Amino acid sequence: MSGGGAPDFFYREAQRLGYVARSAFKLLQIQNQYKLIKPGCSVLDLGCAPGAWLQVACQSLGPLKNGGAVVGIDVKKVKVPSLHCDARVQTISADVMKLSKPQVMELSPKKKGFSVILSDMCPSVSGISTRDAALSFELGVRALDLAVGRAMSVSNDNFQNEGVSCTCSPYDKGVLLSRGHLVIKLLESEDTKELSQICKPLFKKSTWLRPKATRSSSREIYLICQDLKSHSSMTYLGRLEAPITVRDLTLEGPKQQAKSIRKLSIHQTE
Ligand SMILES: C[S@@+](CC[C@H](N)C(=O)[O-])C[C@H]1O[C@@H](n2cnc3c(N)ncnc32)[C@H](O)[C@@H]1O
């Protein structure tokens with residue numbers, strides 16, 4: 001069992017129920033409230049170590065015969081937990097900041113994309129709150145960029161004049177399927193509102209949640225975005241030809257996109 005802080009109710013419950021971390025209860029609450037993961041759907045879990053969300057995501061898919069898939073990515077090597085996970089779960093060791101969208105797309109069932117993307121990614125906390133929040137924001141923006149691709153430029157005005165300039169390919173498609181859902185963990189700061197402003201026009205609904213299992217000392221908060229609007233229903237496509245400006249965000253160029261997925265190590269349940 002991983003996790004800092006003193007053992008508490010959620011820690012003990014996680015041990016009792018066979019979850020590898022108390023964070024399982026955060027996704028359980030999200031799933032109870034929003035029912036994002038449906039039987040048979042495809043889930044991408046960004047920052048999946050040590051694997052508690054993999055367990056909850058796999059349970060939420062329902063019986064094995066219903067199908068579905070859970071793909072977890074983490075910079076740390078993650079062994080798929082034996083309890084609550086089955087052959088539908090696989091993990092990949094990689095830095096999400098360095099993966100290209102085509103590489104991630106390759107990992108989805110039939111290479112068509114994912115119906116749910118979860119990002120519980122968190123930087124190693126330094127204790128310097130502004131620094132930690134900025135790094136967490138960067139990971140959150142990366143999750144959004146992977147999910148929706150160029151559509152993110154709809155709200156790029158929020159970022160302009162503050163950072164570096166990146167030009168995206170007009171074919172820069174995200175890996176989240178239309179009507180799909182996205183969950184992003186952030187450490188609260190004045191920037192967190194910006195991210196929800198970007199998400200609002202892209203999804204039918206976006207709300208904030210601070211799960212009961214979040215420790216009182218933590219500033220973490222989750223942005224729950226439901227029902228990605230289809231590209232055709234978005235009214236801003238004309239603007240997508242313009243270069244976008246995103247603070248501190250490295251969007252991959254064609255060279256990185258061409259990198260082979262074979263470089264990744266894939267671990268599957270036996
Ligand atoms: C809070 S933990 C996730 C807990 C997980 N959801 C669970 O329930 O077991 C955050 C994870 O994000 C991962 N992470 C941080 N930055 C990352 C990056 N750039 N790429 C991939 N994983 C990253 C960390 O290695 C860490 O394991």
Side-chain angles (χ1 to χ4, degrees), residues 1-3 10-96 99 103-122 143 146-147 175-177 179-185 211 213 222 224 226 228 261-270:
M1 177 89 43
S2 75
F10 291 107
Y11 178 92
R12 288 191 299 273
E13 275 299 277
Q15 283 210 312
R16 187 177 71 80
L17 298 169
Y19 292 115
V20 294
R22 63 192 291 297
S23 54
F25 292 98
K26 298 174 193 171
L27 185 57
L28 281 168
Q29 184 183 345
I30 292 170
Q31 182 61 8
N32 281 339
Q33 279 183 235
Y34 301 95
K35 315 238 173 327
L36 305 180
I37 304 171
K38 309 248 168 26
C41 80
S42 50
V43 182
L44 176 63
D45 180 1
L46 303 174
C48 66
W53 281 29
L54 295 175
Q55 294 177 297
V56 176
C58 188
Q59 280 182 315
S60 308
L61 291 179
L64 192 56
K65 66 174 164 52
N66 287 356
V70 182
V71 176
I73 306 179
D74 204 290
V75 278
K76 296 176 193 153
K77 217 168 181 182
V78 195
K79 196 169 174 289
V80 175
S82 50
L83 222 61
H84 305 308
C85 286
D86 56 37
R88 291 171 291 184
V89 184
Q90 67 174 40
T91 62
I92 287 124
S93 309
D95 182 346
V96 170
L99 281 177
Q103 283 179 319
V104 179
M105 191 66 103
E106 285 268 337
L107 301 169
S108 65
K110 295 183 183 153
K111 300 173 189 174
K112 286 196 166 153
F114 292 91
S115 23
V116 179
I117 299 181
L118 310 169
S119 171
D120 198 21
M121 286 189 290
C122 196
L146 264 184
V175 301
L176 183 62
L177 292 166
R179 312 256 351 247
H181 312 303
L182 172 66
V183 174
I184 302 176
K185 193 236 293 277
Y222 290 83
I224 319 281
Q226 292 170 270
L228 177 67
I261 194 71
R262 271 173 287 155
K263 283 190 180 164
L264 305 171
S265 52
I266 300 183
H267 317 280
Q268 271 186 290
T269 40
E270 279 121 47

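What's counted below: heavy atoms across the whole structure, side chains too, no hydrogens, waters or symmetry copies. Everything numeric in this text was worked out from a predicted model, so none of it was measured.
The two residues Leu46 and Ala143 make their nearest non-hydrogen contact at CD1-CB, 3.9 Å. Across all non-hydrogen atoms, the minimal contact from Pro81 to Leu54 is CD-CD1, 4.3 Å. Contact between Cys58 and His84 at its shortest, heavy atoms only, is CB-O, 3.5 Å. Taking all atoms of both residues into account, the shortest heavy-atom contact from Cys48 to Asp74 is N-OD2, 3.0 Å. The heavy-atom pair separating Phe25 from Ala213 by the smallest distance is CB-CB, 3.9 Å. In this structure, Ile73 and Leu44 approach most closely via the heavy-atom pair CD1-CD1, 3.9 Å.
Applying the salt bridge (Lys or Arg N to Asp or Glu O under 4.0 Å) test to pairs two or more places apart or on separate chains, none has a residue in residues 35-60.
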Quiz item: Could you go step by step and tell me if Ser93 and Thr91 meet the side-chain contact (heavy atoms from CB on, under 4.5 Å) rule?
Solution: CA-CA 7 Å; Ser93 309; Thr91 62; over 6 Å; no
Quiz item: Going through the distances and angles, do Lys185 and Asp120 end up as a side-chain contact (heavy atoms from CB on, under 4.5 Å)?
Solution: CA-CA 5 Å; Lys185 193 236 293 277; Asp120 198 21; 2.8 Å; yes
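Atom OH of Tyr34 sits about 5.0 Å away from atom CD1 of Ile224, to the nearest 0.5 Å. Taken to the nearest 0.5 Å, the CD atom of Gln55 stands 11.5 Å off from the OG atom of Ser60. Rounded to the nearest 0.5 Å, atoms CD (Gln226) and CG (Leu36) are 5.5 Å apart. Distance CD/Gln103 to CD1/Ile92: 10.5 Å, rounded to 0.5 Å. From Ile30, atom CD1 reaches atom NE2 of His181 across 12.5 Å, with rounding to the nearest 0.5 Å. Within the model, atoms CZ of Arg12 and CZ of Arg22 stand 10.5 Å from one another, a figure rounded to the nearest 0.5 Å.
A side-chain donor-acceptor contact under 3.5 Å links Tyr19 and Gln59.
Judged by distance alone, with hydrogens and angles left aside, the side-chain atoms of Gln31 form no donor-acceptor pair with the main-chain N or O of Ala57 at under 3.5 Å.
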Determine all donor-acceptor pairs shorter than 3.5 Å in which one atom belongs to a side chain in residues 109-119; sequence neighbours excluded.
unit_1 : atom_1 : unit_2 : atom_2 : d
Ser115 : OG     : Ser42  : N      : 2.8
Ser115 : OG     : Ser42  : O      : 3.1
Ser115 : OG     : Ser42  : OG     : 3.1

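At least one side-chain heavy atom of Val175 sits less than 4.5 Å from a side-chain heavy atom of Met105.
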